[in-house]
Number of protein chains: 2
Amino acid sequence: MDKTEGRILLVDDEADILEFLSYNLRKEGFDVKCARNGLEAMDISVQFRPDLIILDVMMPGMDGYEACRQIRNHPDLKETVVAFLTARGEDMSQVEGFDSGADDYIRKPVRPRVFISRVKALLRRIPQTSEDGSRITFGDLIIDKEKYVVIKRGIETELSKKEFELLLLLTSRPNKVFTRDEIFAGVWGNDVIVGERTIDVHIRKIREKIGMESIKTIKGVGYYFT
Amino acid sequence: MDKTEGRILLVDDEADILEFLSYNLRKEGFDVKCARNGLEAMDISVQFRPDLIILDVMMPGMDGYEACRQIRNHPDLKETVVAFLTARGEDMSQVEGFDSGADDYIRKPVRPRVFISRVKALLRRIPQTSEDGSRITFGDLIIDKEKYVVIKRGIETELSKKEFELLLLLTSRPNKVFTRDEIFAGVWGNDVIVGERTIDVHIRKIREKIGMESIKTIKGVGYYFT
DNA sequence: TGCAGCATTTAAAGTTAATGTAAAGTATAT
DNA sequence: ATATACTTTACATTAACTTTAAATGCTGCA
């Protein structure tokens, strides 16, 4: 019940701005945490594992650039997307910003709608489901398309063809609910006719192999992958 | 009329301001129309399809915020860029303004040259990143048709099939009162027969999930969504 | 105003329908 | 022929839905 659009860490020394931005982000379904300075940002990041960190450039103590550099040097955080918040007219500083490893620049004053779509665009480019070659990764689940194998927490399990195709269909759009009809069409094709319970049985087998939580049911509608 | 830079609707109850702004905008080649209040603004908008609506916050009758909300709820207008005109010192109102869906704030007194460049900046980003088709937004409520969930102020809640269908029906025409018969026909189909109280119970569940205010009752008639 | 009468709200109990599951049956491939 | 995958069956379980009934709240009228 608390699936979110993505985790975001806001870092700014001004409470107003934190409040304003976090309000707007939460409204869109993001899981937001705030930090007042670079140090705090690092601490929270290690725990919270944000998908995106939005850093104010000017902060007392460790400034945005330095914080960004540290993030890039931290083994667990270096993949995190980082965006800077800058006051108007700080354009020249962008050189240093990108140099320190920023992914984007957001100029103050912030306009909510633009801001939100910018954030969404940034998160979209996250290798949320990183796909290197034949493998797709979802958190602790790895699906290997070539070997017809899934690896859950390092435990490798073979999937049969139908199981695999069904899982691929569901994972092709995480969180989308696939109706039974869509599943039939996608996995069996429209002409093949099999009993209603067939899908359930395959779902059960998949759940057995990748964990119960991964596939959810909406009664009367269908299934979805998280 | 030669091709214009863009269509702009000005909404203000003070004729002076309308005249002043429209003069300056027309001089720059914009196609400008004016409205005296929120109601008039809605009427003209539907016909005129402005690219940008500039709303005074304080107006008799429907104020700017309410007008903005209505614009955002109107299927044909929700992509329109909206900017507020505010008197000096109304800063705190920005929260309500952005909440109601505004894209920008313009402070009075207006300086023509600044104003024009602001307007141009707003129009420049007209190809607004429109929300993906699977989600419908009503203020702080997001309905995701694919995921069978609603997001209210960032809190995601699953809906069951019936709840979801009922909510979709009501939201398909906000403010229209659906009679109980219409609801039966729309959600259950004309052949299914269930008791009178069934609808109420589902309405209650939905209210529980998206907030009491969202669905109103008209005694003896039915329900509507706002 | 106060009360009667009716409609809706609400919680909880009851029912139904859909899915979960194990195991047996059938097809397919090696 | 045998193993493996797939489907079907039949029963158990669960969540969704419906009904019930009591409480609340409106509306109009005396």
Side-chain angles (χ1 to χ4, degrees), chain A residues 1 144-145 147-150 156-170 177-226, chain B residues 147-150 157-170 177-226:
Chain A
M1 182 127 132
D144 192 316
K145 285 191 206 172
K147 293 163 63 182
Y148 274 58
V149 152
V150 295
E156 194 169 317
T157 318
E158 285 197 354
L159 290 192
S160 76
K161 194 179 167 209
K162 278 267 146 52
E163 285 162 15
F164 201 76
E165 286 173 353
L166 177 45
L167 180 60
L168 270 190
L169 177 68
L170 294 180
V177 178
F178 287 85
T179 65
R180 284 166 174 279
D181 285 346
E182 285 174 324
I183 293 172
F184 277 130
V187 178
W188 278 265
N190 279 309
D191 41 325
V192 185
I193 292 162
V194 291
E196 281 291 315
R197 301 270 66 71
T198 305
I199 290 179
D200 311 39
V201 175
H202 280 101
I203 290 282
R204 191 188 155 277
K205 291 264 181 79
I206 298 172
R207 281 174 170 159
E208 205 167 274
K209 291 176 180 175
I210 69 171
M212 285 307 199
E213 294 68 42
S214 313
I215 297 174
K216 298 253 174 69
T217 307
I218 300 250
K219 273 200 171 197
V221 188
Y223 298 93
Y224 67 94
F225 174 88
T226 352
Chain B
K147 298 183 8 186
Y148 273 67
V149 300
V150 294
T157 316
E158 284 197 355
L159 293 190
S160 76
K161 194 185 172 197
K162 279 268 147 55
E163 286 162 14
F164 200 75
E165 287 173 351
L166 177 45
L167 179 60
L168 272 189
L169 177 68
L170 294 180
V177 178
F178 287 84
T179 65
R180 295 169 107 75
D181 284 346
E182 285 173 324
I183 293 173
F184 277 130
V187 178
W188 278 263
N190 280 308
D191 41 326
V192 185
I193 292 163
V194 290
E196 281 291 316
R197 300 274 66 73
T198 304
I199 290 179
D200 311 36
V201 175
H202 279 103
I203 289 282
R204 190 185 158 281
K205 289 264 180 79
I206 296 173
R207 281 175 170 157
E208 205 168 276
K209 291 178 179 176
I210 70 171
M212 285 308 193
E213 331 74 39
S214 312
I215 297 173
K216 300 256 171 66
T217 308
I218 301 264
K219 264 185 111 144
V221 187
Y223 299 92
Y224 68 96
F225 174 88
T226 354

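Numbers restart at 1 for each chain; the letters A, B, ... are given by sequence-line order, proteins then strands.
- Computed from coordinates, the Glu208(B) CD to dT8(C) C1' distance equals 16 Å when rounded to whole Å.
- For the pair Arg180(A) and Asp200(A), the salt-bridge criterion is met [side-chain N within less than 4.0 Å of a carboxylate O].
- Nearest heavy-atom pair across Asn190(B) and Ala185(B) is OD1-CB, 3.5 Å.
- Distance NZ (Lys216(B)) to C1' (dT9(C)): 17 Å, rounded to an integer number of Å.
- Dashed line: the shortest gap from a side-chain N or O of Thr217(B) to OP1 or OP2 of dA7(C) is not under 4.0 Å.
- Whole-Å rounding puts the Leu159(B) CG to dC17(D) P distance at 10 Å.
- Atom CG in Asp200(B) sits roughly 14 Å away from atom C1' in dC17(D) (whole-Å rounding).
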Base versus backbone protein contacts along nucleotides 18-30 of chain D [heavy-atom cut-off under 4.0 Å; B, S, -] | BBBB---BB----
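- Taking atom CG of Leu167(B) as the reference point, atom P of dA16(D) lies 16 Å away to the nearest angstrom.
- Between the P atom of dA16(D) and the CD atom of Glu163(B) lies a distance of 8 Å, rounded to the nearest Å.
- Sequence order on DNA chain C of the closest nucleotides to Val221(A) and Met212(B) puts Met212(B) first from the 5' end.
- The distance from atom NZ of Lys209(A) to atom P of dT4(D) is 12 Å, rounded to the nearest whole Å.
- OP1 or OP2 of dG20(C) has at least one side-chain nitrogen or oxygen of Arg207(A) nearer than 4.0 Å.
- The main-chain N or O of Val150(B) is never found under 3.5 Å from a side-chain atom of Lys209(B) such that the two would form a donor-acceptor pair.
- With Leu170(A) as the partner, the side chain to side chain contact (heavy atoms under 4.5 Å, CB included) test is satisfied by one option alone out of Thr226(A), Ile206(A), Ile215(A): Ile215(A).
- Residue Phe164(A) is out of contact with every strand shown, counting any heavy-atom pair closer than 4.0 Å.
- Atom NZ of Lys161(B) and atom P of dT14(D) are 22 Å apart (whole Å).
- Taking the six-membered ring for Trp and thresholds of 30 and 60 degrees, Trp188(A) and His202(A) have ring planes more than 60 degrees apart, a perpendicular arrangement.
- The side chain of Tyr223(B) contributes no N or O atom lying less than 4.0 Å from OP1 or OP2 of dA7(C).
- With contacts defined as side-chain heavy-atom distances shorter than 4.5 Å, the pair Ile218(A)/Tyr223(A) does not qualify.
- Using a distance-only test at 3.5 Å, with no hydrogens or angles considered, a donor-acceptor pair links the side chain of Glu163(B) to the main chain of Ser160(B).
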